[in-house]
**Q** 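Take this structure first; my questions come after.
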Amino acid sequence: MTLHIYNTLTRQKEVFKPIEPGKISMYVCGITVYDYCHIGHARVLVAFDVITRFLRSQGWDVNYVRNITDIDDKILNRADENGELYSDLTQRMIDAMHEDEQELGILPPDMEPRATAHMDEIITMVQILVDNHYAYATDNGDVYYRVSRFPEYGKLSNRNPDDLLAGARVAVGDIKEDPRDFALWKGAKSGEVSWESPWGPGRPGWHIECSAMSTCCLGDTFDIHGGGPDLPFPHHENEIAQSEAATGKKYVHYWMHAGAVRVDDEKMSKSLGNFFTIREVLKKYHPEVVRYFLLSSHYRSPISYSEDNLMEAKGGLERFYTALRPFAAVSAASLGDLKGSEYYQRFVGSMNDDFNSREALAVMYDLVREINTVAKTDIKQAEGLVAELKAMGAVLDILGTDPEAFMQGSSLVDGANSLEAEQIEALIADRVAAKKARDFSRADAIREELLSQGVVLEDSREGTTWRRE
RNA sequence: GGCGCGGUAGCAAAGUGGUAAUGCAGUGGACUGCAACUCCUCCAUCGUCGGUUCGAUUCCGACCCGCGCCUCCA
């Protein structure tokens, strides 16, 4: 089956053609580590995690690089506010980010380069640009990219360079030749952290670190470059300008951008201050609910973070886990054994179509219905289908929780005022006794009491099970 | 103003030139001591107006509405 990817550069879905057969080199813009990661970050992280997992499941040899930007004005400002060393701040935030990723089931990238560990490559690239007149140094030790020298500027974000000129902000006393020019290197003011360079002590501008790190990890040209919704302009546009001017080669074949996370119809962003950190959200919702929520829309569509939508995600997962509950012992099928399965074919087809995870989930729900139907008459066959469902879940890294644990514990926090499992079990035992004595009013009273505590009982031939609403 | 994305059932969300997946909620039924779960059933003329076509939600145009980028933000 053919892989199709929507390419921001061409604004259309394209057949994916790797540079090297069977291999995919992918660079995703990671986090600038000056604060905790929010749900918007989580979306990008989860999207590319699922993309990587799926591609690998189909036999692609993926080399996944995601950088950490650990030097930047915002980092310095925040460290200053906190009265701590910038490197202490970034290390703290990197540790926190790794914790968040682990909670959400995000695999580490193959390489996680840090800007401060690649100063030599950054300076070398700036030097090349200066040597080729694509950049110029100013008296204060800054170095700027000369946008007018790069005629293709604007090709990713579909902007006309002249319009950009008209719209560009011109700061008073600007030392740039052209308002569109952007900083490659910023000369240090006294007391600021700095690195030695041919232009004096300073630090890199925002965009150059990604050009330098992607090139040194993946080469001058690589397959996929990804990132968040606000990166095409100016960040990725500038990366193209820097890299293609420095190497003379095409920088990236496929550009991929995730959609925005919204709150109350507005983009969640640092500048609006309407963001929710991952750790904050995980106090309210099971990690798998968050992951499922992010997968229940196409990665490029905008999604709304809201209580309703998260609860809906929980409800959707419960349908899966309800079906899986009697089959906890069944393990996932190996994908190689599923080649002939119609469900698996559809699942792969959906994911190959620009990673349509929502459609892939719809296939899994169809499978759930068949499992529930078949389970009534043919356990053996049902087990086969369950193994298949778990295999698909594993590709997306969902459905890996013990079903019983998920059903009984997926409602976090309300834990404070709710019953302990032992109390619930005790009440169930009372109710079983009441039922045996055919004292149904007592049995119903117990059920009602538990329900009022958010606990739902389910009787079956095998006995009574419970779950939290 | 420039560039781009989107408007599909109560909500969420896929998709297709031949009258529309899936999940939650809702309807009716089977099952159940009663429920829950499960299964079956029902529930949308796909923003508006034109055009192309034998036929459009799907293609084209106009319009209305929402959103994003254009400045730091994933």
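Order of the sequence lines fixes the chain letters, A, B, ..., with proteins taken first and strands second; residue numbering starts at 1 for each chain. Since this is a predicted model, take the numbers as computed values, not measurements. Note that these values count all heavy atoms, side chains included, but never hydrogens, waters or copies made by symmetry.
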**Q** Does A:D444 reach a base, just sugar-phosphate, or nothing at all? Heavy atoms under 4.0 Å.
**A**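 Since a base atom lies under 4.0 Å of A:D444, the category is base.
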**Q** With sequence neighbours left out, what residues match A:D230 under side chain to side chain contact (heavy atoms under 4.5 Å, CB included)?
**A**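 Side chain to side chain contact (heavy atoms under 4.5 Å, CB included) check on A:D230 returns A:K267.
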**Q** Would you mind checking if A:D142 and A:K176 are paired as a salt bridge, meaning a charged N to carboxylate O distance below 4.0 Å?
**A**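 Not counted as a salt bridge, because no side-chain N and carboxylate O are separated by less than 4.0 Å.
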**Q** What is the distance, to the nearest angstrom, from the CD1 atom on A:I31 to the P atom on B:A74?
**A**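 Taking atom P of B:A74 as the reference, CD1 of A:I31 is at 7 Å.
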**Q** Scan A:D459 against the nucleic acid and name what it touches under 4.0 Å (heavy atoms): base, sugar-phosphate only, or nothing.
**A**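 Result for A:D459 = base.
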**Q** Using a heavy-atom cut-off of under 4.0 Å over every strand shown, decide if A:S304 touches base, sugar-phosphate, or nothing.
**A**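 Result for A:S304 = nothing.
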**Q** Starting from C1' on B:A74, measure out to OH on A:Y36 and report it in whole angstrom.
**A**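 In whole Å, B:A74 C1' lies 19 Å from A:Y36 OH.
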**Q** If pairs are Watson-Crick or G-U with both distances under 3.5 Å, what is the dot-bracket string of RNA chain B, marking crossing pairs with [ ] and pairs to another strand with |?
**A** (((((((..(((.........))).(.(((.......))).)....(((((.......))))))))))))....
**Q** Check every atom of B:A36, B:A74, B:G15 against the side chain of A:H41 and return the nucleotide holding the closest atom.
**A**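 Nearest to the side-chain atoms of A:H41, counting from C-beta on, is B:A74.
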**Q** Quick one: which residue pairs count as a salt bridge (Lys or Arg N to Asp or Glu O under 4.0 Å) with a foot in residues 359-377 of chain A, not counting sequence neighbours?
**A**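 Passing the test, one end in residues 359-377 of chain A: A:R346-A:D366.
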**Q** Kindly indicate whether the side chain of A:D230 and the base of B:G68 share any N or O donor-acceptor pair separated by less than 3.5 Å?
**A**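 Result: no qualifying N/O pair found.
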**Q** Considering every strand and a 4.0 Å limit on heavy-atom distances, what is the contact class for A:H298: base, sugar-phosphate, or nothing?
**A**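 The residue A:H298 makes sugar-phosphate contact but no base contact.
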**Q** When the ring centroid of A:F276 is compared with that of A:Y305, is the distance short of 6.0 Å?
**A**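 Yes; A:Y305 has its ring centre under 6.0 Å from that of A:F276.
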